[in-house]
Amino acid sequence: MNLSEELDKLYVDGEKLISSSTSEEELDRNKNEYLGKKGKFTAVLKNLATLSIEEKKTVGQKANELSKKLEDFVSKTREELKVQVFQAQAKSERLDSLRPLGNPQPGTLHPITKIQYEIEDIFTSMGFEIWDGPEVETDFNNFGALNFTDDHPARDMQDTFYLSDGNVLRTHTSAIQVRALRKLKPPFRIIAPGRVFRYEEVDASHETSFYQIEGMVVGKDISAGNMIHTMEVLLSRIFEREIKTRLRPGYFPFVEPAFELDINCLVCGGKGCSVCKHSGWLELLPCGLVHPNVFRLNGLDPEVWTGFAFGLGLDRLVMMRYGIHDIRYFHSGNLRFLKQF
Ligand code: FA5
């Protein structure tokens with residue numbers, strides 16, 4: 001066999017081996033056997049030295065053509081292999097959208113969210129609008145506009161997280177009263193649920209971050225009687241049973257007179273426990289008639305307008321509703337706790 005015939009045979013054998021490859025790795029190995037530095041084509045070309053100049057030219061050209069042709073064949077085979085691998089993968093990994101999921105773990109609403117939604121429904125059915133405000137508030141909206149003067153001792157009633165820019169993490173949802181008073185034209189009724197923050201020592205009924213629902217009604221001739229009636233409607237609809245409450249005088253710079261509405265502890269039935277600090281009663285719903293200074297500070301005439309406001313402690317209400325004996329469960333992320341609701 002002369003060199004030219006040898007090249008023809010090499011090509012045919014090479015093509016055969018290459019087309020038998022079943023993976024890209026195998027293809028690379030087979031390609032190397034023929035076209036690599038130590039491959040069979042290179043070996044043949046080393047024998048060119050033994051030929052005449054004329055033959056060198058024709059055989060050299062042929063060797064170049066055939067090795068180029070084999071390169072093309074390798075590329076074509078590589079593309080075909082890719083398609084085959086993809087098709088096999090697509091077949092074995094097919095998504096069956098109708099296959100049952102096995103053991104799905106659906107989420108549930110957090111008990112605080114659930115009761116918040118219930119309270120929103122109760123109040124919207126009484127014609128209240130739902131308001132919102134930011135958790136980072138100005139000192140003025142959180143305190144100043146609510147009749148807390150700069151040196152007012154009541155500022156210390158709520159231990160405040162101050163931010164370096166002079167703003168505060170709101171200590172109560174009463175800051176949203178201010179926003180409503182400045183935006184809405186009376187008469188109006190709003191509730192404003194939200195998260196509030198205080199630098200407090202944590203125990204069974206105190207958290208550093210908890211939830212309140214603010215309520216405010218502004219109109220003409222609004223009385224303490226209207227306020228107490230609204231509180232009673234709320235509590236009877238939330239608890240769906242007879243509950244004992246008591247009204248005590250309270251103190252807040254933004255309402256006058258101010259009241260504390262306490263609820264007979266439903267965790268211990270009034271006998272005394274860690275939630276009610278063994279008193280049988282729990283502070284739940286401070287409220288009062290809007291102080292004339294609050295109207296003045298927010299651009300309304302106290303000779304014309306009257307109103308009441310309240311600030312419900314939502315976490316504590318939820319504790320009473322479900323008999324939860326420690327407020328720290330709410331932020332615990334404990335699934336066994338959360339799945340009960
Ligand atoms: C206030 O925050 C007033 N802004 C409420 C108010 C609004 C009064 C409108 C009058 C008119 P107080 O600091 O008492 O008040 O908090 C209100 C309620 O939030 C409490 O009755 C209690 O239920 C709840 N609360 C207070 N501190 C905490 C705490 N650290 N953890 C959980 N709940 C709390």
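Whatever order the structure lists ligands and atoms in, that order sets their numbers, starting from 1.
Of all the heavy atoms of His206, the ones lying under 4.0 Å from any atom of ligand 1 are found in both the backbone and the side chain. Here Ser174 has side-chain heavy atoms under 4.0 Å from ligand 1, and that is the only part of it that gets that close. Residue Phe254 touches ligand 1 through its side chain alone, judged by heavy-atom distances below 4.0 Å.
Remark: Arg328 does not engage Glu207 in a salt bridge, criterion side-chain N to carboxylate O under 4.0 Å.
Note that CZ of Arg237 is 8.5 Å distant from CG of Asp121, once rounded to the nearest 0.5 Å.
Seen from the ring of Phe341, Lys114 does not count as a face-on cation partner, given the 6.0 Å and 45° thresholds.
Between Glu260 and ligand 1, no pair of N/O atoms sits closer than 3.5 Å. Between Arg198 and ligand 1, at least one N/O pair is under 3.5 Å apart. In terms of polar-atom proximity, Asp315 is not counted as a contact of ligand 1, lacking any N or O under 3.5 Å from an N or O of the ligand.
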Intermediate values then yes/no, ring pair (Phe, Tyr, Trp, His ring centres under 6.0 Å), His325 and Tyr329: CA-CA 9 Å; His325 56 80; Tyr329 276 115; 5.8 Å; yes
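Residue contacts with ligand 1: Leu284 is included, with a non-hydrogen atom under 4.0 Å away. The shortest separation from a heavy atom of Ser205 to ligand 1 is under 4.0 Å, placing the residue in contact. The shortest heavy-atom distance from Gln177 to ligand 1 is under 4.0 Å.
A side-chain donor-acceptor contact under 3.5 Å links Gln212 to the backbone of Thr173.
For ligand 1, the atoms sitting less than 4.0 Å from at least one non-hydrogen atom of His172 are 2 (O), 3 (C), 4 (N), numbered in the order shown with element in parentheses. For ligand 1 and Gly311, the ligand atoms under 4.0 Å from any heavy atom of the residue are 5 (C), 6 (C), 7 (C), 9 (C), 17 (C), 18 (C). Which parts of ligand 1 touch Ala309 is read off a 4.0 Å heavy-atom cut-off, strictly below it: atoms 9 (C), 11 (C).
No hydrogens or angles considered: a donor-acceptor pair under 3.5 Å links the side chains of Gln116 and Glu120.
When the shell of 6.0 Å around NE2 of His229 is examined, it contains 12 or fewer heavy atoms from other residues, nucleotides or ligands. The environment of Glu5 atom CD is dense: over 12 non-hydrogen atoms of other residues, nucleotides or ligands sit within 6.0 angstrom.
The minimum heavy-atom distance linking Ser205 with Lys277 is given by the pair OG-NZ, 4.0 Å.
With atom 27 (N) of ligand 1 as the reference point, the heavy atom nearest to it among Phe310, Phe259, Tyr211, Phe210 is part of Phe210.
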